Amino acid sequence: MLDAKFVRTQPDLIAAMLKKRHLDLKTLSHISLAEFVTLEQKRLDLLHNLETLKAKRNQAAKDNARKKSQGKTIEIAALKQLTTTIQEIEDNVNTLTKKSKDFLLSLPNLLDAAVPVGRDETFNKIIRTEGPIPEFSFPPKPHFQLGSLTEENKRAASITGARFTLFKGVLAKLARALSQFFLDENIKKGYTELLPATIANEASLTGTAQLPKFANDVFRLSPPHENFYLISTSEIPLVNYHANEILNEDDLPLYYTAYTSCYRSEAGAAGKDTRGLIRLHEFHKTELVQFVHPTASQVQHEKLLSHSEHLLKKLNLPYRVVLLASGDIGFAASKCYDLEVWLPGQNTYREIASCSNCLDFQARRANIRYRTKKKGNLFVHTLNSSGLPIERTMAAILENFQTETGTVHLPAVLHSYMGGCKTLF
RNA sequence: GGAGAGGUGGCCGAGUGGUUGAAGGCGCACGCUUGGAAAGCGUGUAUACGGGAAACUGUAUCGCGGGUUCGAAUCCCGCUCUCUCCGCCA
């Protein structure tokens, strides 16, 4: 969420940001920027009016208290009328305040100056490419044709449905090994491990900005549990871990990591990536979240990126770093790097991690501040990155390290996590 | 699921209708004291929004939302969370 005062005093900057993002305000909100500015003006006028009347009432109540203690009579009729008037104006103010807040919640974050301007992902900027692309003496297969994945996917579909998966034997063990490996490495980098619930409430999803705009992308429980949602990422519990808190300035930065299941409805993705492990309704992911001092967030963003990259490097997976364009970047992010891993079976790079600096956008929504000695309580900056998703990493391992006979050589760092097993299938 | 108790500032804790944004304590900051430290003494110490160049000032906030009242931390209703006991349960 952006600061109300900022939006009403500099609406042109908001308009410019929306244009860069190629977003039409009409699709976000039923009121325009100009209407918001007049709405705010009206709200502040009424608020001033209301506060004057309340001051009058408070003074009268104090006078009455004194009179009563002196045994004098109290004049009530006029004050009764005053209370009625106050209630009417207060109702109006509340209505306007809610409209104003709804509008602010529907606005995406401001963009960093470094974000490439462009309509879609074709404008993303490739920052660097890491690791040699493997060469095969045979046509490399897509991951879903390796091992027992085809068969297990059928079973998963019959148990649940499309876009669900199931692992058996060594693949189940590989998933487990990866989760342990990721958590261990993240802890080494200074992250504190959390194991949160994978259901969160409406306030938490609003805090990280999955709500109100992206309600279609998440699974919601049925009544009477309609205030509960399945988390689409553990960023939700990790960021909201400190919701409504005032942190110590000296404690920043705070690092958290969690391995959880993640649930996504993939509402707009019909027909895309229908086979294999790339796009699932339920997948597993280890996530990285940082709460940092505003002056440090640029530097921390690069550091966070290096933490995600570290995992890919340890696994010897070839990847590239991409800076997302204004039309492709997420709602809450002001600047975002994607890590894209090489998938030989598809002869392309695919997103495997998303590393975002949200500035104070989420902190404002979730009310996460830090205490300063001189400047009062200020909003922290939040950053998040994948560290890493299990299924997409498995797909990358299977495809990059496959052999002509169909076996797969595991990266050395996983051998101990696999109980000494070095080759799959 | 049943019964009960509770939610007050950074923390602990008083307050059951009236100049209470809230006693007292702890913590913290600054000063005095000391060779130095501790103790002691003094002063200060919530947040948000609005107005003001500033000093300062108005409003709101005692879990959340409603209600009663001239006036609510205090009374009433709903919700929520925590704790204790019972039941059930991985």
Side-chain angles (χ1 to χ4, degrees), chain A residues 1-10 36-105 195-207 211 221 223-229 237 240-252 254 261 291 360-380:
Chain A
M1 188 165 68
L2 302 171
D3 179 44
K5 192 192 258 179
F6 175 78
V7 177
R8 71 175 177 250
T9 54
Q10 312 207 53
F36 173 74
V37 173
T38 33
L39 184 152
E40 275 287 282
Q41 193 53 57
K42 197 174 165 193
R43 182 178 72 84
L44 292 176
D45 283 351
L46 265 183
L47 192 63
H48 183 72
N49 193 352
L50 178 67
E51 289 183 354
T52 309
L53 293 178
K54 279 189 172 176
K56 205 169 157 186
R57 183 190 62 185
N58 290 345
Q59 188 55 50
K62 281 184 185 175
D63 291 345
N64 285 344
R66 201 183 307 115
K67 281 183 190 165
K68 194 166 184 189
S69 70
Q70 293 167 356
K72 296 181 184 169
T73 52
I74 295 172
E75 189 56 54
I76 282 173
L79 291 176
K80 229 171 193 165
Q81 178 56 44
L82 183 60
T83 295
T84 311
T85 310
I86 285 174
Q87 262 164 10
E88 281 168 13
I89 298 177
E90 192 156 39
D91 286 348
N92 287 335
V93 169
N94 287 345
T95 307
L96 294 181
T97 303
K98 182 167 190 317
K99 273 189 191 170
S100 173
K101 180 148 195 211
D102 286 349
F103 179 78
L104 291 171
L105 284 174
L195 203 172
T198 51
I199 294 177
N201 62 26
E202 188 172 324
S204 293
L205 271 80
T206 305
L211 292 178
L221 301 205
H225 302 296
E226 68 270 30
N227 287 330
F228 289 146
Y229 298 80
N240 284 287
Y241 179 71
H242 283 307
N244 300 309
E245 278 186 42
I246 302 172
L247 306 169
N248 281 324
E249 189 170 18
D250 295 341
D251 291 343
L252 301 177
L254 290 167
S261 294
F291 299 86
D360 63 1
F361 188 81
Q362 292 179 325
R364 204 179 282 282
R365 287 171 166 252
N367 194 25
I368 306 167
R369 294 170 293 171
Y370 66 97
R371 191 183 312 285
T372 67
K373 288 199 172 70
K374 288 179 180 168
K375 289 183 284 183
N377 299 335
L378 304 174
F379 291 109
V380 297

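Within every chain, numbering begins at 1; the chains are lettered A, B, ... in the order of the sequence lines, protein sequences first and strands thereafter. Computed from a predicted structure; not experimentally measured.
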Looking only at side-chain atoms of I76(A), point me to the closest of U59(B), C70(B), G50(B). C70(B)

Under 4.0 angstrom, heavy atoms only, what part of the nucleic acid is R369(A) near: base, sugar-phosphate, or nothing? sugar-phosphate

What interatomic distance, in whole Å, is found between C1' of G13(B) and the corresponding atom of G51(B)? 36 Å

Span that lies between the C1' atom of C86(B) and that of G63(B), in whole angstrom: 27 Å

What's K54(A) touching, base or sugar-phosphate or nothing? Going by heavy atoms closer than 4.0 Å. sugar-phosphate

Choose from G50(B), U19(B), G18(B) the nucleotide whose nearest atom is closest to any side-chain atom of H48(A). G50(B)

For Q59(A) and for K62(A), locate the closest nucleotide of RNA chain B by heavy-atom distance; then report the residue assigned to the nucleotide nearer the 5' terminus. K62(A)

What does the 5'-to-3' dot-bracket notation of RNA chain B look like when only Watson-Crick and G-U wobble pairs under 3.5 Å count, and pairs to other strands show as |? ((((((((.[[[..)..(.....]]]((((((.......))))))((((((....)))))).[[[[[..)....]]]]])))))))....

Pick the C1' atom in U82(B) and in G21(B), then give their distance to the nearest Å. 26 Å

Over how many whole Å does the gap from E226(A) atom CD to U80(B) atom P extend? 11 Å

Nucleotide A60(B), atom C1' - distance to CG of L53(A) in whole Å: 15 Å

Using only side-chain N and O atoms of T83(A), determine if any of them is under 4.0 Å from OP1 or OP2 of U69(B). no

Distance between C1' atoms of G67(B) and G17(B) (Å, rounded): 16 Å

Can you tell me the distance, in whole Å, between the CG atom of L50(A) and the P atom of G51(B)? 15 Å

Is there a side-chain contact between R8(A) and the phosphate of G50(B), meaning an N or O under 4.0 Å from OP1 or OP2? yes

Spacing between L378(A) atom CG and A46(B) atom P, to the nearest angstrom: 17 Å

Assign N377(A) to base, sugar-phosphate, or nothing according to its heavy-atom contacts below 4.0 angstrom with the strands shown. sugar-phosphate

R57(A) side chain N/O closer than 4.0 Å to the phosphate oxygens (OP1, OP2) of G18(B)? no

Closest approach of L79(A) to A60(A) (non-hydrogen atoms, all atoms of both residues): CD2-CB, 3.5 Å

Would you mind reading off the distance between I86(A) atom CD1 and C70(B) atom P, rounded to a whole angstrom? 13 Å

The side chain of L79(A) lies closest to which of these nucleotides: C70(B), U19(B), G18(B)? C70(B)

In whole Å, measure the gap between the C1' atoms of U74(B) and A23(B) for me. 16 Å

If every non-hydrogen atom of R365(A) is compared with every non-hydrogen atom of M1(A), which pair is closest and at what distance? NE-N, 3.3 Å

Which residue in the set D45(A), L44(A), T52(A) passes side chain to side chain contact (heavy atoms under 4.5 Å, CB included) when paired with H48(A)? T52(A)

Quick one: do the S204(A) and N201(A) side chains pair a donor with an acceptor below 3.5 Å? yes

Nearest whole angstrom, please: distance from the P of U69(B) to the CD of Q81(A). 14 Å

Measure from the side-chain N and O atoms of R43(A) to the backbone N and O of L96(A), and report whether any donor-acceptor pair falls under 3.5 Å. no

Of the listed nucleotides (C70(B), C49(B), U68(B)), which one gets closest to any side-chain atom of Q87(A)? U68(B)

Considering every strand and a 4.0 Å limit on heavy-atom distances, what is the contact class for R364(A): base, sugar-phosphate, or nothing? nothing

What integer number of Å spans the P atoms of G44(B) and A22(B)? 13 Å

Looking for any heavy atom pair under 4.0 Å, which part of the strands does N58(A) touch: base, sugar-phosphate only, or nothing? sugar-phosphate

With rounding to the closest Å, how many angstrom separate the C1' atoms on C64(B) and A73(B)? 15 Å

Round to the nearest Å and state the distance from L96(A) atom CG to C49(B) atom P. 18 Å

Testing G50(B), C70(B), G58(B) for proximity to the side chain of K80(A), the answer is C70(B)

Determine the minimum heavy-atom distance between S100(A) and L39(A), stating which atoms define it. CB-CD2, 3.7 Å

Looking only at heavy atoms, what is the nearest atom pair of F379(A) and Y370(A), with distance? O-CE2, 3.5 Å

Out of G71(B), G50(B), G58(B), which has the shortest distance to the side chain of A55(A)? G58(B)

Any side-chain donor near an acceptor of the partner, D63(A) and Q59(A), under 3.5 Å: yes

Could you tell me how the ring of H242(A) sits relative to the ring of F291(A): parallel (under 30°), tilted (30 to 60°) or perpendicular (over 60°)? perpendicular

If I pick the C1' atom on C62(B) and the same atom on A54(B), what distance separates them, to the nearest angstrom? 32 Å

